[in-house]
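Please read these numbers as outputs of a predicted model, since none were measured by experiment.
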Amino acid sequence: MTPAPTPRNWLSIMTLGLIWGGTFMVVAIALEGHGPITVATARTTLGALSLLILVRIMGRPWPGRGTGPFVIGGGLLSTAIPFSLLSWGQQYVPSAFAGLSMAMLPLFVLPLAHVFTDEKMSLRKTIGVGLGFVGALILFGPGLSGGLAGPGFMGQLACIAAALCYAISSVVTRRCPPVDPFSFAAMTLIVGAVPLIPAMLLIEGVPRFEGLRPGLAILFLGLFPTALAALIRVSVIRSAGTLFLTLVNYMVPLWSIFFGWLILSEDLPLRFFLALVMILSGVVVSQWNSLKRIRLRARASGG
């Protein structure tokens, strides 16, 4: 049985939500001096190097036979494709929108898991997914500019597509044979870097120093949302379980809205907040039993 969450676990999950929630604001800053493919490539490559060093220092075993398709699928769907989609989309939409779109991730996972795993949909989960997708329709609104064919709408679509990629990747990872999470994460980042590096060189050329602000943003993206977040994520899973980790889904969109408003002075229309309420309501409804179990464990640890 997974032990009850400790105060350290709660601090870890809040830190993880802060890091991942701030990622979209940092991507927007990195885009001030670099193209979207360069941002995605630097993020993936620096993250891969960080985790490779970490795996070597910790002496972690590398993925064994039978994991190749899962590593490749996970690498493309959790790094190369969504990183590129988010970087490209954030040229045309606020960082808050990108963070809000990630709140759709657990709602995408549920129907995918129903088809490809033994986790089946129930009436309650179906209602939750429905609420979430109503929130997504509110989030899209009329498009930021130019209607359905304009760059604003396409940027929105790219962010939602990135969330879908993450959802598919989570199902792929769930079906993967037992593997060390650190080495698996390192290998997926390597797989992601392989197509991104030549694409960057071909389309945007060799990166150049474009100022301290975007340069520091690139370093942050490569180190914190990957290496440090991987350490925290694994620590939480091992001590409090994967169920407890799902709480981060509620924190990321809140932090993305906060940082977008505070640091980037983004205009946040009312529909963003309406969409947030609908999407998070859908997540709560769909994961109600899971949240009850977390609450009971937390109460047990406190009493």
Quiz item: Is Leu201 reachable from Ile218 through a run of I, L, V, M, F, W or Y residues, each pair having side-chain heavy atoms under 4.5 Å apart?
Solution: no
Quiz item: Is there any salt bridge (Lys or Arg N to Asp or Glu O under 4.0 Å) pair reaching into residues 20-37, and which pairs are they, with sequence neighbours excluded?
Solution: Glu32-Arg213
Quiz item: Are Met14 and Leu254 connected in a single hydrophobic cluster, I mean Ile/Leu/Val/Met/Phe/Trp/Tyr linked by side-chain heavy atoms less than 4.5 Å apart?
Solution: yes
Practice problem: Could you name each residue pair satisfying ring-ring contact (aromatic ring centres under 6.0 Å, His included) that touches residues 203-223, not counting sequence neighbours? | Solution: Phe220-Phe224
Practice problem: State, yes or no, whether a side-chain contact exists between Leu219 and Leu46 at a heavy-atom distance under 4.5 Å. | Solution: yes
Practice problem: List the steps, then state whether side-chain contact (heavy atoms from CB on, under 4.5 Å) holds for Val277 with Ser281. | Solution: CA-CA 6 Å; Val277 171; Ser281 296; 4.0 Å; yes
Quiz item: What is the distance from atom CD1 of Ile37 to atom CD1 of Ile197, rounded to the nearest 0.5 Å?
Solution: 12.5 Å
Quiz prompt | Rounded distance [0.5 Å steps], CG in Leu52 versus CD1 in Ile190 | solution = 4.0 Å
Self-check item: Closest non-hydrogen atom pair, Asp180 against Pro61
Solution: CB-O, 3.7 Å
Quiz item: Which pair of non-hydrogen atoms, one from Val93 and one from Gly155, has the smallest distance, and what is that distance?
Solution: CG1-C, 3.8 Å
Quiz item: What heavy-atom pair brings His34 and Pro214 nearest, and what distance separates the two atoms?
Solution: CD2-CB, 3.9 Å
Quiz item: Is Met200 close to Thr45 at the side-chain level, that is, under 4.5 Å between some pair of heavy atoms?
Solution: no
Quiz item: Is any side-chain heavy atom of Phe259 closer than 4.5 Å to a side-chain heavy atom of Val26?
Solution: no
Quiz item: Does any non-hydrogen side-chain atom of Ile19 lie less than 4.5 Å from one of Ile232?
Solution: yes
Quiz item: Got a sec, which residues hit side chain to side chain donor-acceptor pair (under 3.5 Å) with Thr44, two or more places apart in sequence or on another chain?
Solution: none
Quiz item: Can you find a heavy atom in the side chain of Ile257 that is under 4.5 Å from one in the side chain of Pro253?
Solution: no
Self-check item: Hydrophobic cluster membership, Leu223 vs Ile53, 4.5 Å side-chain cutoff
Solution: no
Exercise. With rounding to the nearest 0.5 Å, note down the distance linking CD in Glu210 to OG1 in Thr38.
Key: 9.5 Å
Quiz item: Roughly how far, to the nearest 0.5 Å, is the CD1 atom of Ile72 from the OG1 atom of Thr188?
Solution: 12.0 Å
Practice problem: Consider only side-chain heavy atoms of I, L, V, M, F, W and Y, link residues closer than 4.5 Å, and tell whether Trp255 and Phe273 are in one cluster. | Solution: yes
Quiz prompt | Summary of side chain to side chain donor-acceptor pair (under 3.5 Å) pairs that have at least one residue in residues 128-137, sequence neighbours excluded | solution = none
Practice problem: Report yes or no: is the cationic atom of Arg60 (NZ for Lys, CZ for Arg) under 6.0 Å from the centre of the six-membered ring of Phe182, at an angle within 45° of the ring normal? | Solution: no
Self-check item: Leu86 side chain near Cys159 side chain, heavy-atom distance below 4.5 Å
Solution: yes
Quiz item: Does any N or O in the side chain of Ser84 come within less than 3.5 Å of the main-chain N or O of Ala80, such that one atom is a donor and the other an acceptor?
Solution: yes
Practice problem: List the atom of Leu31, the atom of Pro36, and the distance in Å for their closest heavy-atom pair. | Solution: CD2-CA, 3.7 Å
Practice problem: Test side-chain contact (heavy atoms from CB on, under 4.5 Å) on Thr67 and Phe184 and set out the steps. | Solution: CA-CA 9 Å; Thr67 60; Phe184 182 83; 5.7 Å; no
Exercise. Under 4.5 Å between side-chain heavy atoms, chaining through other members, with only Ile, Leu, Val, Met, Phe, Trp and Tyr counted: pull out the rest of the cluster around Leu196, sorted by chain and number.
Key: none
Quiz item: With side chains defined as the heavy atoms from C-beta onward, is the minimum distance between Trp62 and Val55 less than 4.5 Å?
Solution: yes
Exercise. Please name the pair of heavy atoms, one in Gly135 and one in Met278, separated by the smallest distance, quoted to 0.1 Å.
Key: CA-CB, 3.5 Å
Exercise. Determine, step by step, whether Phe97 and Gln156 satisfy the side-chain contact (heavy atoms from CB on, under 4.5 Å) criterion, reporting the C-alpha distance in whole Å, the side-chain angles of both residues, the deciding distance to 0.1 Å, and the verdict.
Key: CA-CA 8 Å; Phe97 181 97; Gln156 292 176 333; 3.4 Å; yes
Quiz item: Does the side chain of Leu54 reach to within under 4.5 Å of the side chain of Leu51, using non-hydrogen atoms?
Solution: yes
Kindly list each side-chain donor-acceptor pair under 3.5 angstrom involving residues 99-108, sequence neighbours excluded, with atom names and distances?
residue : atom : partner : partner atom : Å
Ser101  : OG   : Ala98   : O            : 2.6

Quiz item: So if you build clusters from Ile, Leu, Val, Met, Phe, Trp, Tyr with side-chain heavy-atom gaps below 4.5 Å, do Ile203 and Ile81 land together?
Solution: no
Quiz prompt | Atom pair CG (Leu189) and OG (Ser78), whose distance is rounded to the nearest 0.5 Å | solution = 7.0 Å
Practice problem: Rounded to the nearest 0.5 Å, what's the gap from CG on Leu270 to CZ on Phe272? Could you check? | Solution: 11.0 Å
Self-check item: Aromatic ring pairing Phe258/Trp261, orientation class (parallel under 30°, perpendicular over 60°, tilted between)
Solution: tilted
Quiz item: What pair of heavy atoms forms the shortest contact from Arg43 to Val27, and how long is it?
Solution: NH1-CG2, 4.2 Å
